[in-house]
**Student:** 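Here it is, the structure in full.
It should be emphasised that the depicted structure is a prediction, and the values quoted were computed from it without experimental measurement. The sequence lines fix the lettering, A, B, ..., with proteins before strands; numbering per chain opens at 1.
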Protein chains: 10
Amino acid sequence: MKYGTKKISKARLEKWPNPCPDRDYTIDISFPEFTCVCPRSGYPDFATIRINYVPDKYIVELKSLKLYLNKFRDRDISHESAANEIFDSLNKALKPRRLEVVGDFNPRGNVKTSIRVSTDQ
Amino acid sequence: MKYGTKKISKARLEKWPNPCPDRDYTIDISFPEFTCVCPRSGYPDFATIRINYVPDKYIVELKSLKLYLNKFRDRDISHESAANEIFDSLNKALKPRRLEVVGDFNPRGNVKTSIRVSTDQ
Amino acid sequence: MKYGTKKISKARLEKWPNPCPDRDYTIDISFPEFTCVCPRSGYPDFATIRINYVPDKYIVELKSLKLYLNKFRDRDISHESAANEIFDSLNKALKPRRLEVVGDFNPRGNVKTSIRVSTDQ
Amino acid sequence: MKYGTKKISKARLEKWPNPCPDRDYTIDISFPEFTCVCPRSGYPDFATIRINYVPDKYIVELKSLKLYLNKFRDRDISHESAANEIFDSLNKALKPRRLEVVGDFNPRGNVKTSIRVSTDQ
Amino acid sequence: MKYGTKKISKARLEKWPNPCPDRDYTIDISFPEFTCVCPRSGYPDFATIRINYVPDKYIVELKSLKLYLNKFRDRDISHESAANEIFDSLNKALKPRRLEVVGDFNPRGNVKTSIRVSTDQ
Amino acid sequence: MKYGTKKISKARLEKWPNPCPDRDYTIDISFPEFTCVCPRSGYPDFATIRINYVPDKYIVELKSLKLYLNKFRDRDISHESAANEIFDSLNKALKPRRLEVVGDFNPRGNVKTSIRVSTDQ
Amino acid sequence: MKYGTKKISKARLEKWPNPCPDRDYTIDISFPEFTCVCPRSGYPDFATIRINYVPDKYIVELKSLKLYLNKFRDRDISHESAANEIFDSLNKALKPRRLEVVGDFNPRGNVKTSIRVSTDQ
Amino acid sequence: MKYGTKKISKARLEKWPNPCPDRDYTIDISFPEFTCVCPRSGYPDFATIRINYVPDKYIVELKSLKLYLNKFRDRDISHESAANEIFDSLNKALKPRRLEVVGDFNPRGNVKTSIRVSTDQ
Amino acid sequence: MKYGTKKISKARLEKWPNPCPDRDYTIDISFPEFTCVCPRSGYPDFATIRINYVPDKYIVELKSLKLYLNKFRDRDISHESAANEIFDSLNKALKPRRLEVVGDFNPRGNVKTSIRVSTDQ
Amino acid sequence: MKYGTKKISKARLEKWPNPCPDRDYTIDISFPEFTCVCPRSGYPDFATIRINYVPDKYIVELKSLKLYLNKFRDRDISHESAANEIFDSLNKALKPRRLEVVGDFNPRGNVKTSIRVSTDQ
């Protein structure tokens, strides 16, 4: 098994100490290469995942985030569940002061869908 | 009758259980291939339909939504009525916590019109 | 006299009953082919007129709106007066719940001007 | 039957005398509201049709062209056949010195297709 | 009568001596505020006029060109004839080594048309 | 001395009576050809000036504004001072209900600067 | 196994008779959702595949093309080999009069690569 | 050592008196050529730095800011620390009424990150 | 007199030896801050100057080019003459194997003009 | 010394066998993070490097290319020399059938420069 494949299979979100925990500041992350599999048809789905958060004690380590997102490649999961699961994983791992996750999916059957989950609503 | 034609003729909005009903989150949908017929002239009209909602117990099934919107192809209906009817159908079927429908129509006689119906106003 | 010329010369804003008077919703209209004559120089002026309103009992009929706006072609009128007059005509004819009119004029002498009149200010 | 519907049902390409037949010049036409029906599935297809020609004795009358293109709305026809049929109709009606027709179709199943037929190839 | 109106009514293309007649060089001119009247309907038409030429003994004076183009405002003339007439006027006045005129008209009835006349064809 | 040069040298902001003083409305003005001289180096600086105001008794006459802005061409003035001086001049001349001036300067030494002065802050 | 997964696993390029074999015309196809696996690292790669051809006796059936391209999802293959293999498969299946395949890959390590294979070179 | 290298090595933020301390106004600064070194890998990182502040007694001298930012070229520093350090340096030097610093970094491993530090949060 | 002003007043094109005279290669230069004075009205004109050349023995030193172009700020010169004079100065100084100069001027009286002088015509 | 720093210091272009040497095909590469040092001032320069080639026996290994380009970070080199040296290194290492290198540099002193070296000239 190649090293990238192996790393993806073992991926879990890693957290680092926030270098500036006394201050509220915002981290924006965008990952345009998300893909998973439609649970009904078995066809691939594609999305850009956008994450926006105000860290508390921890920040997410970016390489582990990329591997974590790569891991959805072979999973059967709906648009709504993917966005909510990424939100829950980050929320649990980082316990941030604020968090928003957007899954902006490519059109299917001419219909474009985007899911936004946020601690602000 | 071809299978697509048949499916469109029988289309009705289907609802699925919301996988995360305990959380407010937003679903954005965009459909650029809406067409209907002008009730005065009989000429075709074209629009992009944009839907934005916070689901409560249900989410709309996307394929049924596409077929529902395809069904307007042979109907005589004004811009204002089309946007309001799509809003009412979704509101009745899903009873969402928030709902907005925009019908963004192509220009007619050099005049471009867009209709926005929302639970927020 | 050609039929278009005749229709423009007789143009007046027509109102139709609002098909959904019980609900606040927004109608956006954009007309990129407005032209009038500068009252000082006699040179032509060009603008895009944008209208945004929440109808009460009436909506404006779009063809009559186009003809009404075409009628400014031979009038001597300043940027400020044109935007305010269009606002007043619509306000008087429709008595809408909310109304905004923007006259976005092409540059003259390298200076670009846009006038916005609204019930919200 | 409404007047627009009636006009579309009777539409045929009309030709006018070329006002400048002694000179080669080019006419570019673009029509973004073409729609027909997929002959296999019965689902609607959408395209922009672009026409570029050097007239000889005749030019096409634009309103008749629009009605001719509107007439495909209820026809079952493939992308390739639609583009070639429009090319053949214009070529036969106008006998232009040069002619190109492009059918630029919306994606289907994430695949975007464009067909170009030309007297130059 | 205002001075601008008067100047437009008397407008004719003026030519100036080419400051560099020994060299072929290119002058590109673009005028986005062309308007005339449709000879069939009497409704206004709008276009951007683009001119590209290699001067011989003369160059066109730009203010006279603007006034010349403003003069079409009240004329009934088709798209094809307008582009060809502007080409002929410039060709006769300047006798340039190369000349191209494009009339890029706003859509009418959802159909966009552009006319290109050139000494190169 | 040429007439333009003379007019610029004598330029002062002129005010006209506001045609609609009973209503709050907004006038947006953009002038992309502002240039002055850096007070330290003597090199030219370039900016777009944007003005946005709600007039009270007066509106600014646009040609006088252009000439007023042209007058900075030979002045040694910093970015911050230029934006504040334009704000002060307009504020004093027009006494508007609201005023914002933005000086959006071209990069110098790879650093782009924009200054915004407003009655709203 | 889901029906989409099954169809992808069995995918092979299907050819249809060219409806207009007597005429040279061009078919442009674009597929933005190509993904495969880097043969060295095991990390996923992403690309848009663009195909442009002049058919002879056959045209490619679009759904079979999509499934054929989906099939690369689990394959270890370099950028260069992927583009050349798609070219060879289409060339062998269709024997077109002209063929070009472009594989436009997302950046890796900040380097963006695009491979173009053509019968024209 | 060249003069630019020398100036960068000695760079420190310089402050000038605010020419208009009695008024709140906003200064926007954008610097697209920030580069530093990743503290883990030793590979270079690239970012656009955007600064937005309301000055109190002092404004930052732009050339000293550019040299200060150039000084990060050979430093090992993470995205989060770089943005927070620039914020702290400006805050300490200028004591502005409001301050926001954004570090908008180029993608690494297909992940794009942007850090925003502000007195407003 | 400030040092920048002094440098501009003394500016002349400097040439450097071409580091690779044995090979034809192309140098593209763009300068968006050209300004001069209209010889008829005395009003300022603005342009982007684009230069494209294949050097022979010499290349132009960029700072001297910038100062040379800054020098037109106070000169009365027409669009056509400015472009031709810049072409002649570079041609004489560098004797390049190929040279093209474009003066792309801002609109005046709604007319946009661009002058292109080239050794290729 | 970090592993990335070490790899960059030892970087040299690596070549791989061309998987399809019997066919002419084109490889386009773009690297937006090139930086070096101005040999006169010591200030940093930034560029996008674009490479386009038809391989013969070899293709360039992309990671080695990135490291090779990273190596210019601490070198004093002019725009012209950098583009020509990259061209020479690739030409010598790969002996491609066709090669073009473009160095598209960020503006300095408001002057933007781009250098293109090609086997085609």
Side-chain angles (χ1 to χ4, degrees), chain D residues 3-4 7-8 11 13-35 46-73 86 90 94 96-104 119-120, chain E residues 30 32 34-53 72 75-121:
Chain D
Y3 67 91
K7 279 188 179 166
I8 292 171
L13 290 173
E14 285 172 35
K15 60 192 183 191
W16 278 4
N18 178 359
C20 305
D22 296 339
R23 169 188 295 148
D24 277 2
Y25 68 98
T26 309
I27 299 177
D28 264 300
I29 296 170
S30 176
F31 180 73
E33 299 185 339
F34 182 86
T35 180
F46 292 84
T48 293
I49 301 296
R50 283 192 284 272
I51 298 161
N52 177 289
Y53 72 106
V54 176
D56 188 27
K57 292 199 190 136
Y58 304 106
I59 59 175
V60 70
E61 196 275 328
L62 288 178
K63 182 137 198 193
S64 80
L65 174 63
K66 173 190 144 182
L67 295 171
Y68 164 80
L69 292 171
N70 279 157
K71 216 172 163 175
F72 284 81
R73 187 177 179 91
I86 296 167
L90 285 163
L94 305 179
R97 296 178 193 159
R98 186 187 168 281
L99 174 63
E100 180 179 270
V101 171
V102 176
D104 194 355
T119 54
D120 285 358
Chain E
S30 175
F34 182 86
T35 181
C36 59
V37 178
C38 173
R40 291 209 295 171
S41 70
Y43 286 123
D45 279 326
F46 293 83
T48 292
I49 301 295
R50 282 193 284 273
I51 298 161
N52 177 288
Y53 72 107
F72 285 81
R75 287 188 53 191
D76 294 357
I77 189 166
S78 74
H79 296 182
E80 289 82 1
S81 298
N84 277 288
E85 179 175 326
I86 296 167
F87 180 91
D88 286 333
S89 299
L90 285 163
N91 209 13
K92 190 175 160 193
L94 304 179
K95 293 184 182 41
R97 296 177 193 160
R98 187 188 168 280
L99 174 63
E100 180 179 271
V101 171
V102 176
D104 193 356
F105 284 82
N106 281 13
R108 283 295 166 272
N110 322 323
V111 181
K112 171 150 190 35
T113 311
S114 171
I115 312 292
R116 184 164 59 84
V117 189
S118 168
T119 54
D120 285 358
Q121 284 207 334

**Student:** Do other residues, nucleotides or ligands put more than 12 heavy atoms under 6.0 Å from the NZ atom of D:K71?
**Tutor:**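 Yes, enclosed.
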
**Student:** Against chain E, label D:I59 side chain, backbone, both or neither, depending on which of its atoms sit under 4.5 Å from a heavy atom there.
**Tutor:**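 D:I59 touches chain E through side-chain heavy atoms alone.
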
**Student:** Tell me, side chain or backbone of E:F105 under 4.5 Å from chain D's heavy atoms, or both, or neither?
**Tutor:**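 Neither; nothing under 4.5 Å.
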
**Student:** What residue, out of D:S30, D:P32, D:P19, has the most heavy-atom pairs lying under 4.5 Å from chain E?
**Tutor:**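 Ranked by heavy-atom pairs under 4.5 Å with chain E, first place is D:S30.
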
**Student:** Between E:I51 and E:I49, is there a side-chain heavy-atom distance shorter than 4.5 Å?
**Tutor:**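 Yes. Closest side-chain heavy atoms under 4.5 Å.
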
**Student:** Ignoring hydrogens and geometry beyond distance, is a side-chain donor-acceptor pair present between D:N52 and D:E100 at under 3.5 Å?
**Tutor:**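 Distance-only check fails for D:N52 and D:E100.
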
**Student:** Are E:F34 and E:F72 close enough that their ring centres sit under 6.0 Å apart?
**Tutor:**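 Yes, the ring of E:F34 comes within the 6.0 Å limit of the ring of E:F72, centre to centre.
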
